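Everything on this sheet refers to the single structure shown next.
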Number of protein chains: 2
Amino acid sequence: MGEELLKNHGLKVTSARLAVLSVLSSSPIPLTAEAIYESTKKEGLNLSTVYRTLNSFEEANIVKKEIGHNKESIFSLEREEDSHVLVCTKCHKTVKLEGCPYHEVNEAIENETGFVLEDHNTAIYGICPDCQKKK
Amino acid sequence: MGEELLKNHGLKVTSARLAVLSVLSSSPIPLTAEAIYESTKKEGLNLSTVYRTLNSFEEANIVKKEIGHNKESIFSLEREEDSHVLVCTKCHKTVKLEGCPYHEVNEAIENETGFVLEDHNTAIYGICPDCQKKK
DNA sequence: AATGCAAGTGCAAATCATTTGCAACAAGAA
DNA sequence: TTCTTGTTGCAAATGATTTGCACTTGCATT
């Protein structure tokens, strides 16, 4: 399944890329390079290969790279609809949001200032109701 | 002038802290630890002292720490009004915004989901009108 | 003003995420 | 199959930030 995708984006089909792609496509939330590396242990990928793969994917617009809660990069497949996820910084539970909550606001800023805003993150961090109780 | 501030927050008054404070208070935009270090060259501070100072300041809620455009931490004084800055990623020109553009949206998300959102960044990145023309 | 102790500091070394140089290797065009 | 070029592994480099340790300083207490 990943083969098509890779070819369409002008990338050679390799087992490393297929492995990374498969991990990403089965994850509902953005992952760190490290996490992807762990999930591909069976394929025996090298961590730097994972990084290089993710970077090619990003250039090819197959994945989106954002900055995670602790400054590490996190990667997720570029999906059609821009869905956003709330992530609890305590328990890592996640909740999907419909659409992009910041879309209108950003558009307004662009119109008022003439700036073109950088693509924003799809992961929004906070503390979930359960973890608030556990306080 | 910084002495009061430090004491009020239960921090010892040291020359390092006063120096960092003075650099921060005369900057309209958030700075990296490196930049602060450079600006305090005359005082001969050690870079790790700058980091430690900034971290104490953050714990004491004197400064706000955010993630800059290239993943480095950037620090700014915690000012009363939450003013936001647009920063051009090409020329680094900055534009102040009035108030917090994301306030209502975030509140809505909190109400809908029960999450308490993490404090968000005051630096918003994009490309300014001039740099767009220079394309 | 002298003293004592906890907190602050400099320095060098450690750490963490990420990148890079280089040699070996595999994908896909010819 | 062969050739060219992109891809990978490995180990070492990098850059931002942190930390261990010995020394110094702020400041509360004599």
Side-chain angles (χ1 to χ4, degrees), chain A residues 2-23 30-60 62-76 121 123, chain B residues 2-23 30-60 62-76 121 123:
Chain A
E3 303 206 6
E4 291 304 307
L5 183 57
L6 291 173
K7 286 180 185 162
N8 290 344
H9 289 264
L11 293 175
K12 284 188 181 170
V13 178
T14 71
S15 54
R17 287 174 179 171
L18 291 174
V20 171
L21 218 41
S22 133
V23 171
L31 299 175
T32 60
E34 188 68 32
I36 296 170
Y37 170 65
E38 292 299 336
S39 301
T40 55
K41 265 288 171 53
K42 31 203 148 178
E43 282 89 351
L45 296 196
N46 187 285
L47 181 54
S48 37
T49 301
V50 173
Y51 274 108
R52 282 193 275 227
T53 301
L54 289 169
N55 286 337
S56 328
F57 283 5
E58 197 204 359
E59 278 175 40
I62 295 178
V63 309
K64 180 184 178 69
K65 176 182 186 174
E66 335 176 25
I67 297 176
H69 185 248
N70 271 336
K71 294 244 291 258
E72 1 71 280
S73 296
I74 54 179
F75 304 83
S76 57
N121 287 356
Chain B
E3 303 205 6
E4 289 305 307
L5 184 56
L6 291 173
K7 286 181 186 163
N8 289 345
H9 289 264
L11 293 175
K12 284 188 181 170
V13 178
T14 71
S15 55
R17 288 176 177 169
L18 290 174
V20 171
L21 219 41
S22 131
V23 171
L31 300 174
T32 61
E34 188 68 33
I36 296 170
Y37 170 64
E38 292 300 334
S39 301
T40 55
K41 266 288 170 53
K42 33 203 148 175
E43 281 89 351
L45 296 197
N46 187 284
L47 182 54
S48 37
T49 300
V50 173
Y51 274 108
R52 282 193 274 226
T53 300
L54 289 169
N55 286 338
S56 328
F57 282 5
E58 198 205 359
E59 277 175 43
I62 295 179
V63 309
K64 181 184 177 66
K65 175 184 188 172
E66 335 177 26
I67 297 177
H69 185 247
N70 272 335
K71 295 245 290 260
E72 359 72 277
S73 296
I74 53 179
F75 304 83
S76 57
N121 288 356

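Note that the structure is a prediction, hence the values are computed from the model and not measured. First the proteins, then the strands, lettered A, B, ... as listed; each starts at 1.
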Could you tell me how far apart [X] ([atom1]) and [N] ([atom2]) are, to the nearest whole angstrom?
{"X": "A:E59", "N": "C:dT19", "atom1": "CD", "atom2": "P", "answer": "11 Å"}
{"X": "A:R17", "N": "C:dC25", "atom1": "CZ", "atom2": "C1'", "answer": "14 Å"}
{"X": "A:N55", "N": "D:dT8", "atom1": "CG", "atom2": "P", "answer": "12 Å"}
{"X": "A:R52", "N": "C:dG21", "atom1": "CZ", "atom2": "P", "answer": "10 Å"}
{"X": "B:L6", "N": "C:dA7", "atom1": "CG", "atom2": "P", "answer": "16 Å"}
{"X": "B:L18", "N": "C:dG8", "atom1": "CG", "atom2": "P", "answer": "13 Å"}
{"X": "A:L31", "N": "C:dA17", "atom1": "CG", "atom2": "P", "answer": "15 Å"}
{"X": "A:F57", "N": "C:dT18", "atom1": "CZ", "atom2": "C1'", "answer": "18 Å"}

Show every donor-acceptor pair shorter than 3.5 Å between a side-chain atom in residues 6-15 of chain B and any protein atom, with sequence neighbours excluded, or say none if there are none.
residue : atom : partner : partner atom : Å
B:N8    : ND2  : B:E4    : O            : 3.4
B:H9    : ND1  : B:A60   : O            : 3.0
B:T14   : OG1  : B:R17   : N            : 3.2

List, one per line, each side-chain donor-acceptor pair under 3.5 Å for residues 37-44 of chain A, sequence neighbours excluded.
residue : atom : partner : partner atom : Å
A:E38   : OE1  : A:K41   : NZ           : 3.2
A:S39   : OG   : A:A35   : O            : 3.1
A:T40   : OG1  : A:I36   : O            : 3.1
A:T40   : OG1  : A:Y37   : O            : 3.0

Practice task
Locate the shortest heavy-atom distance separating B:I74 from B:G68; write the atom from each residue and the value.
Solution key: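 In this case the closest contact between B:I74 and B:G68 is CD1-CA, 3.8 Å.
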
Exercise for the section: Identify the heavy atoms of B:L47 and B:A33 that sit nearest to each other, and give their distance. Expected result: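 The pair with the smallest heavy-atom distance is CD1-O, 4.2 Å.
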
If you measure from [atom1] on [X] to [atom2] on [Y], what distance do you get to the nearest 0.5 Å?
{"X": "A:E3", "Y": "A:L21", "atom1": "CD", "atom2": "CG", "answer": "10.5 Å"}
{"X": "B:L31", "Y": "B:S73", "atom1": "CG", "atom2": "OG", "answer": "12.5 Å"}
{"X": "B:H69", "Y": "B:N121", "atom1": "NE2", "atom2": "CG", "answer": "12.0 Å"}
{"X": "B:T32", "Y": "B:N70", "atom1": "OG1", "atom2": "CG", "answer": "11.0 Å"}

Exercise for the section: Just grab all the side chain to side chain donor-acceptor pair (under 3.5 Å) pairs involving residues 46-56 of chain A, residues at least two apart or on different chains. Expected result: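 Output for this query lists A:N46-A:S48.
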
Which protein N or O atoms sit under 3.5 Å from an N or O of nucleotides 26-30 of chain D?
residue : atom : partner : partner atom : Å
D:dC27  : OP1  : B:V13   : N            : 2.9

Handout entry: Pairwise side-chain contact, A:K64 with A:P30, heavy-atom cut-off 4.5 Å (strictly under)
Key =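 Of all side-chain heavy-atom pairs linking A:P30 with A:K64, none is under 4.5 Å.
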
Problem - Side-chain touch A:K71/B:I67, heavy atoms, less than 4.5 angstrom - result: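 Counting from C-beta outward, A:K71 and B:I67 do come under 4.5 Å.
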
Practice task
Taking only the side-chain nitrogens and oxygens of B:T53, find out if one of them lies under 4.0 Å from OP1 or OP2 of C:dT9.
Solution key: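 Yes, within the criterion.
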
Practice task
Kindly say if A:Y51 contacts the phosphate of C:dT18, meaning a side-chain N or O under 4.0 Å from OP1 or OP2.
Solution key: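 For A:Y51, the contact criterion (side-chain N or O under 4.0 Å from OP1 or OP2 of C:dT18) is met.
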
Problem - Close residues, residues 40-49 of chain A, relative to DNA chain D [heavy-atom separation under 4.0 Å] - result: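 Only A:G44, A:L45, A:N46, A:S48, A:T49 qualify.
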
Practice task
Please list residues of residues 67-76 of chain A whose heavy atoms come under 4.0 Å from any atom in DNA chain C, ordered by number; otherwise none.
Solution key: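 The answer is A:E72, A:S73.
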
